Amino acid sequence: MDFSTLSELYSKLENESSGNKLREILAEFFLSTNKEEPTLLPTLTYLSLGKIAPDYKNSVLGIAEKLLLKAIAKAANKGSKETMTLMQKDGDVGLVAQKLLKVKPMTLVPVAKLTVEELWKTLHKIKSISGNKSQDTKEKILISLFQKTTGSEAKYLARIILQNMRLGVADMTVLDALAIAFTGEKSNKKILERAYNVCPDLAVIASSLVELGLEGIGDIPIKVGRPIRVMLAQRVASLSGVSEKISGELQVEAKYDGERIQIHKDSSGKITLYSRRMEDITYQYPDVQSFLKQEIAKTAQSYILEGEIMALDLEKGGHKNFQTLMKRKRKTEIEKHAKQIPVAIYCFDILLLNEKNLMNESFTVREKALESILKKKDRIRRIEFIKTNEVSEAKAYFDKMIARGEEGVIIKSQGEGSLYKAGARDWNWIKWKKDYNHELVDTFDLVVIGAFYGKGKRSGTYGSLLCATYNHETDTFESISKLGTGLTDKMLEEIPFLLRKHEVDKKPARCNVKKEMTPDLWFEPYLVVEVIAAEITKGGLHTCSMHSVMNKSTGKKEMKGYALRFPRLIQIRADKKPEDGTYSEEIVGIANN
Ligand code: AMP
């Protein structure tokens, strides 16, 4: 397939403002690919997102903007001055590439068209290059790639290389499109998503769907070295509501505010650590790898464990906060920071032991298996917990945790149905967090989809952010709040920097916003922020779980959505993906309680 065909797809997606059409365009593309070049389908599930592999395979190309600009200028036979002037004006390497390569550059030997197969191979080659002369080698490869492109092809090629497509599509959109293309029914996405929860690799899902059909897709096994989407907790409005959801004995576990980690060890001894976003973060924690080797029973040849990683305060005892732990998120001086910020893992679940899948076993079976392999419990510890039949005891345990500065508790069912449900927000786990302040109800993880310019003291930066919840059913981001409070000067510097690469010139197709709430700047869903609010209200300004309501005084039906009253930003949640944000349905649950 010529790269120009793929570029046409990008262009259609980029210009589409309806989420449903976006999915149809992708579905049509997958169908025709499967007819004409079926072997390319798995590759194209990733390339359609501008990616070269699933996130867990460390697909980062690591090409700096500067190197890319240099290569584009050389491919186009243009000087660096002209290139830099364009860059200053447009601020977007893609647009610079498009302008400089408006016409095919002159080359000594005629060059063939770029094909998708060649692009795929070359991008993987670039990823594997390291060492002394790597920059020169990469530059040469980039020049030859760009010499084969013109106009918008060059723009998209630059964006793929910088891994910043701004198309507003994500893995869930591809699952929708695969369901439409190969089952004729978008609602079958649910079945595909269940498979994706245990195998978050779109290429495997696509090829299994085509080969085995919908019935076969449920048989994709879990595998050590391939992360499993984490199970999430539901929330209740008051602790007394727990007994309606969980019967029998409760396991009340401490809820520490650290980073969730999924630990995989294969039978050769290889350890891989995955973040909640399913990114490979093994390199960040060399210390954790050696703790695991020392402290987990040798009988555990292979395992998949889950826990919360916490920064330790070795002087005073106890833990340091989430922000301190986040300092371990770095690419350089890793050993130094491992010494400065010691950590421990608090394990709370086990999904596989010695190649046996434990996800479909009850909580008590998993608990026994976990306990049997935690030997030393020095840095690989068991999460603290109590078992009780009384909600009042759960409350006393919660108070104890809060007094110690922890975030709260997670109450877990131990009954027969207490399976590990990958990717699900399930009533077998219920979280109960502290109230930060009497009038404030709860915290939410919201996705920033827009910004309004500031005035007065905030002129020149953002005055407020447009925030959204994630509607899991429809795969859309629905606005819930205009957020101006809690933005410190430091955040006002950091947030525009983080969002700069995600700015788009119109509403992203998967975002649902009312005209009245149109922001000055749009961002594709990327950044998640933790927000606290006093109350959830219903009104006509936001689209969160929008539904028709009868206006009693006029007798007419109006569309109303949920909004947050007195929202305040607490912190940026770099550990969460937009699709991990608070679901719109959670807001409905809390509002109706
Ligand atoms: P939240 O991010 O507020 O939805 O809370 C869920 C997160 O709490 C999980 O993703 C874990 O990172 C964290 N967590 C802390 N302690 C536990 C525990 N005992 N069991 C499950 N999750 C926990």
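Values below: every heavy atom of this structure, side chains too, minus hydrogens, waters and symmetry copies. Counting convention: from 1, in listed order, for ligands and their atoms alike. Please read all numbers here as calculations on a predicted model, not as lab measurements.
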**Q.** Salt bridge present between Glu295 and Arg379 (N-O < 4.0 angstrom)
**A.** no
Give the atoms of ligand 1, by number and element, whose distance to some non-hydrogen atom of [X] is under 4.0 Å.
X      : answer
Lys576 : 1 (P), 2 (O)
Tyr256 : 15 (C), 16 (N)
Ile410 : 17 (C), 20 (N), 21 (C), 22 (N), 23 (C)
Lys433 : 3 (O)

Q | Proximity flag Gly258 to ligand 1, non-hydrogen atoms under 4.0 Å | A | no
Q: Work out whether the distance between some heavy atom of Trp429 and some atom of ligand 1 is less than 4.0 Å.
A: yes
When you measure from [atom] to every protein heavy atom, which one gives the shortest distance, and what is it?
atom                    : result
atom 9 (C) of ligand 1  : Arg260 NH1, 3.4 Å
atom 18 (C) of ligand 1 : Phe348 CD2, 3.5 Å
atom 4 (O) of ligand 1  : Lys431 NZ, 2.5 Å
atom 19 (N) of ligand 1 : Glu253 OE1, 2.9 Å
atom 20 (N) of ligand 1 : Lys412 NZ, 2.8 Å

Q: Establish, for the pair Lys412 and Phe363, whether the NZ or CZ atom is under 6.0 angstrom from the six-membered ring centre and no further than 45 degrees off its axis.
A: no
Q: State whether Phe322 and Arg573 meet the cation-pi test: NZ (Lys) or CZ (Arg) under 6.0 Å from the six-membered ring centroid, and within 45° of the perpendicular axis.
A: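 Relative to the ring axis of Phe322, which defines the angle, Arg573 lies inside both limits.
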(Q) Out of the candidates Lys400, Lys377, Arg404, Lys255, only one should pair with Glu384 under the salt bridge (charged side-chain N to carboxylate O under 4.0 Å, His left out) rule; please name it. (A)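 The passing option is Arg404.
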Report yes if the distance between the aromatic ring centroids of [X] and [Y] is under 6.0 Å, otherwise no.
X      : Y      : answer
His319 : Tyr346 : yes
Tyr583 : His472 : yes
Tyr562 : His542 : no

Q: Could you say whether the N/O atoms of Glu259 and ligand 1 ever approach to under 3.5 Å?
A: no
(Q) Checking contacts here: is it the side chain or the backbone of Ala233 that comes within 4.0 Å of ligand 1, counting heavy atoms only? Could be both or neither. (A) neither
**Q.** Whether over 12 other heavy atoms sit under 6.0 Å from Lys270 NZ
**A.**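 Check fails, neighbour count at 12 or below.
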(Q) Could you check whether atom NZ of Lys514 has more than 12 heavy atoms from other residues, nucleotides or ligands sitting under 6.0 Å from it? (A) yes
Q. Which is closest to atom 8 (O) of ligand 1 in terms of heavy atoms, Arg382, Glu308, Lys255?
A. Lys255
